[in-house]
Amino acid sequence: MIIGIAGKYCSGKNVIAGFIREYGFMVIDVDAIGHTVLEREREKIISAFGMSVVDETGNVNRAKLGELIFGNRRNRAVLESMLHPAMVKEVKEIISKSDGNIVINAAILFRMGLHQLCDFVICVKAPFIIRLVRALKRDKLPVFHALKRLFDQRRICPKSGRYQVDIYNVRNSGNITAAGKKIKRILYSKG
């Protein structure tokens with residue numbers, strides 16, 4: 001079984017993936033794959049966005065790149081065209097080598113087309129103010145940058161039926177027990 005997890009910035013996708021991992025699923029962290037691909041495509045990124053996105057050690061500074069990407073559709077599309085094909089290829093390779101149950105944890109699962117690999121998708125939702133507080137606390141971003149990221153991901157989870165995959169919404173507003181129970185019900189219903 002392959003389960004997709006999607007959700008907006010700071011909705012708690014990793015928490016939900018952690019719950020599912022407890023049921024014996026291997027979690028593919030697409031964000032971590034993206035970090036690896038980002039460094040591999042460093043020269044293309046510098047060519048597209050300039051030296052301002054490189055830190056003093058020569059690595060891509062993801063925070064600086066994020067300032068150029070979030071809130072700018074054109075820049076985001078350029079970056080995604082550089083990274084997404086390699087990321088999707090890597091996810092497919094991991095799946096092909098696995099014989100167990102898998103979770104694909106990817107905020108933009110649908111935009112990357114990874115939902116097509118899934119038996120069903122769990123869309124993690126949390127209220128805006130909770131996501132903002134999480135963003136400020138976890139990523140230590142200035143409020144303006146956190147807001148840009150939050151507004152950039154307004155349409156992450158579509159309504160069920162549009163993508164020919166079942167979508168289950170799980171609310172993660174801080175009540176871990178309730179979220180865990182909902183995950184358990186979903187998993188048992190899919191058996």
Side-chain angles (χ1 to χ4, degrees), residues 3-22 25 27-35 38 49 53 61-80 83-84 87 91 103-115 118 120-187 189:
I3 301 172
I5 295 181
K8 295 177 181 177
Y9 177 59
C10 288
S11 61
K13 294 174 297 297
N14 292 338
V15 170
I16 301 303
F19 282 136
I20 300 172
R21 178 183 281 125
E22 291 176 11
F25 284 73
V27 177
I28 300 174
D29 183 343
V30 178
D31 193 39
I33 290 171
H35 296 173
L38 185 77
F49 299 104
V53 299
N61 182 324
R62 292 186 359 249
K64 294 269 188 197
L65 184 59
E67 290 174 19
L68 298 174
I69 299 309
F70 292 107
N72 185 316
R73 287 184 186 170
R74 187 192 142 301
N75 284 352
R76 186 182 70 204
V78 168
L79 183 66
E80 288 177 354
L83 304 181
H84 286 186
M87 292 167 68
V91 168
V103 172
I104 303 172
N105 181 2
I108 56 173
L109 185 93
F110 290 94
R111 203 156 71 213
M112 294 179 77
L114 292 170
H115 67 284
C118 301
F120 64 94
V121 173
I122 294 173
C123 188
V124 184
K125 299 193 174 212
F128 179 85
I129 193 68
I130 289 175
R131 291 185 297 115
L132 177 60
V133 169
R134 288 175 182 166
L136 296 173
K137 192 182 246 184
R138 184 189 77 189
D139 296 340
K140 312 231 183 307
L141 294 172
V143 174
F144 177 72
H145 294 297
L147 289 171
K148 272 176 63 174
R149 289 180 185 214
L150 290 166
F151 284 117
D152 195 52
Q153 293 187 342
R154 287 187 299 268
R155 293 175 189 89
I156 293 292
C157 292
K159 297 202 183 308
S160 204
R162 180 176 170 204
Y163 285 94
Q164 298 178 336
V165 65
D166 288 336
I167 301 170
Y168 295 88
N169 293 312
V170 173
R171 193 165 176 79
N172 180 25
S173 44
N175 186 339
I176 302 288
T177 304
K181 285 180 181 176
K182 175 99 185 221
I183 293 300
K184 186 176 182 178
R185 281 194 305 272
I186 292 168
L187 292 177
S189 75

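Here the structure is a predicted model, which is why all the values come from computation and not from measurement.
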Less than 4.5 Å apart, side chain to side chain, heavy atoms only: is that true for Ile108 and His84? yes
Side chains of Asn105 and Asp31 only: does a donor on one sit below 3.5 Å from an acceptor on the other? no
Separation of Ile167 CD1 from Ile122 CD1 (nearest 0.5 Å): 11.5 Å
I want to check something: taking the side chain as every heavy atom from C-beta on, are Val170 and Phe19 in contact at a cut-off of under 4.5 Å? no
Nearest-0.5 Å distance, NE2 of residue His145 to CG of residue Leu147: 10.5 Å
Give me the atom names and distance for the closest heavy-atom approach of Cys10 to Arg131. O-CG, 3.4 Å
Which value, rounded to the nearest 0.5 Å, describes the distance between Asn75 atom CG and Arg73 atom CZ? 13.0 Å
Within the side chain of Asn172, is there an N or O that forms a donor-acceptor pair under 3.5 Å with the backbone of Ala126? no
Report the residue from Val103, Ile5, Ile33 that forms a side chain to side chain contact (heavy atoms under 4.5 Å, CB included) with Ile28. Ile33
Heavy atoms of Arg171 and Pro127 approach each other most closely as NH2-CG, 3.2 Å
In Leu187, Ile186, Ile104, Val27, the residue satisfying side chain to side chain contact (heavy atoms under 4.5 Å, CB included) with Ile3 is Leu187
Going by heavy atoms in the side chains, are Thr177 and Lys181 under 4.5 Å from each other? yes
Tell me if a side-chain donor or acceptor on Lys13 pairs with a main-chain N or O of Lys8 at a distance below 3.5 Å. yes
Before giving the answer on side chain to side chain contact (heavy atoms under 4.5 Å, CB included), spell out for Leu83 and Leu79 the whole-Å C-alpha distance, their side-chain angles and the decisive distance to 0.1 Å. CA-CA 6 Å; Leu83 304 181; Leu79 183 66; 3.7 Å; yes
Drop me the distance from Ile183's CD1 to Ile16's CD1, to the nearest 0.5 angstrom. 4.5 Å
Can you confirm whether more than 12 heavy atoms, excluding those of Arg134, are under 6.0 Å from its CZ atom? yes
Does a sphere of radius 6.0 Å around CZ in Arg138 hold more than 12 heavy atoms from other residues, nucleotides or ligands, not counting ones at 6.0 Å or beyond? yes
Distance, nearest 0.5 Å, that separates NZ of Lys125 from CD1 of Ile130: 14.5 Å
At their closest point, which heavy atom of Val165 faces which heavy atom of Cys118, and how far apart are they? CG2-O, 3.7 Å
To the nearest 0.5 Å, tell me how far Asp166 CG sits from His115 NE2. 12.5 Å
Please give me the minimum heavy-atom distance between Ala6 and Ala107, naming the atom from each residue. CB-O, 3.8 Å
